Every structure is written in structure tokens, then in C-alpha cells.
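See below for the structure under consideration.
All figures in this text were calculated on a predicted structure; none of them were measured in a lab.
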Amino acid sequence: MATTVEIHPEVLKELEYMVALHKEHGAPSPMESVENLVGFVLASVADGSRRPGAWERQLLTMMGLVADCAEHEQYRSHYGPSEVK
């Protein structure tokens, strides 16, 4: 399943600049394209959502994206909702 995400032109400009910097100077996790960069960031957000103890959860917490419920504090080994509530 593919989803299209619209990126504001100014945000896209910055993401393109980040990729250019990675290509020119390297980075610990260098990205070759904006698509790769966005995919990496979104995967990190998803991992933070399902793994409360992971470093990625800090991203969600700082952005205010952790739901105020016990369910969002439970570890899930897979993406998506728990099969048993």
C-alpha cells in the first residue's frame, strides 16, 4: 500500500538541502534522496509509537505525539493495533 504525502515547498527545499549536505559531507545515517530521508523519519516515528522504551519514543514525546492512554505505553512487536485489548 502506498500513500502520497504532500510536503510544503519550503520544507521540501530544506529536505533537499539536507540530502545535498549528506552527499557532499557524509552523515552518520546519510540519505541519498528526500524519499529515503522521509521514509527513515517516518519509520522512526512508527517505531517510537510501538516501542515505548526505544530512543525513537523520545521523538514522539518531544513532539507531543504520545496518546494519553495506557495502550500507547505497551510494547508491540508488530506495527498496528494490538490484536488483544
Side-chain angles (χ1 to χ4, degrees):
M1 177 174 115
T3 299
T4 301
V5 176
E6 290 187 33
I7 300 173
H8 187 280
E10 291 299 310
V11 173
L12 180 58
K13 184 190 260 184
E14 185 63 25
L15 298 177
E16 290 169 338
Y17 179 59
M18 287 177 65
V19 169
L21 290 173
H22 286 187
K23 287 180 179 178
E24 185 174 347
H25 302 286
S29 296
M31 298 293 145
E32 291 292 320
S33 68
V34 170
E35 184 178 65
N36 291 145
L37 176 60
V38 170
F40 178 77
V41 171
L42 293 178
S44 295
V45 168
D47 286 342
S49 178
R50 66 185 185 85
R51 296 173 27 209
W55 67 266
E56 297 96 338
R57 176 53 76 104
Q58 295 173 29
L59 298 172
L60 276 72
T61 300
M62 289 188 287
M63 293 188 291
L65 297 176
V66 178
D68 190 19
C69 65
E71 184 177 348
H72 210 187
E73 296 300 328
Q74 296 174 354
Y75 173 85
R76 287 174 286 115
S77 61
H78 61 279
Y79 294 102
S82 297
E83 294 173 11
V84 178
K85 286 194 174 192

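If you chain together hydrophobic residues whose side chains sit under 4.5 Å apart, Leu42 and Val34 fall into the same group. No continuous path of hydrophobic side-chain contacts links Val66 to Tyr75 [ILVMFWY only; heavy atoms under 4.5 Å]. By the criterion of side-chain heavy atoms lying less than 4.5 angstrom apart, applied directly or through intervening Ile, Leu, Val, Met, Phe, Trp or Tyr residues, Val11 is grouped together with Leu37 in one hydrophobic cluster. In the hydrophobic cluster analysis, where Ile, Leu, Val, Met, Phe, Trp and Tyr join through side-chain heavy atoms closer than 4.5 angstrom, Leu65 is grouped apart from Met62.
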field: Audit row: Leu15, Val38, side chain to side chain contact (heavy atoms under 4.5 Å, CB included) steps and yes/no
entry: CA-CA 9 Å; Leu15 298 177; Val38 170; 4.0 Å; yes

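Listed by chain and residue number, Arg57 satisfy the salt bridge (charged side-chain N to carboxylate O under 4.0 Å, His left out) test with Glu73 (two or more places apart in sequence, or in another chain). For Glu24, there are no side chain to side chain contact (heavy atoms under 4.5 Å, CB included) partners two or more places apart in sequence or in a different chain.
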Could you go through residues 43-54 and list every donor-acceptor pair under 3.5 Å that involves a side-chain atom there, pairing it with any protein atom two or more places apart or in another chain?
residue: Ser44; atom: OG; partner: Phe40; partner atom: O; Å: 3.0
residue: Asp47; atom: OD1; partner: Arg50; partner atom: NE; Å: 3.4
residue: Asp47; atom: OD1; partner: Arg50; partner atom: NH2; Å: 3.4
residue: Asp47; atom: OD1; partner: Tyr79; partner atom: OH; Å: 2.5
residue: Ser49; atom: OG; partner: His72; partner atom: NE2; Å: 2.9
residue: Arg50; atom: NH1; partner: Arg76; partner atom: O; Å: 3.1
residue: Arg50; atom: NH1; partner: Ser77; partner atom: O; Å: 3.4

In residues 26-33, what donor-acceptor pairs under 3.5 Å come from side-chain atoms, sequence neighbours left out?
residue: Ser33; atom: OG; partner: Asn36; partner atom: N; Å: 3.0
residue: Ser33; atom: OG; partner: Asn36; partner atom: OD1; Å: 3.0

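Leu21 shares a hydrophobic cluster with Tyr17; the chain of contacts runs through ILVMFWY side chains whose heavy atoms sit under 4.5 Å apart.
Interatomic distance, CD1 of Ile7 versus CD of Glu16, reported as 9.0 Å (0.5 Å rounding).
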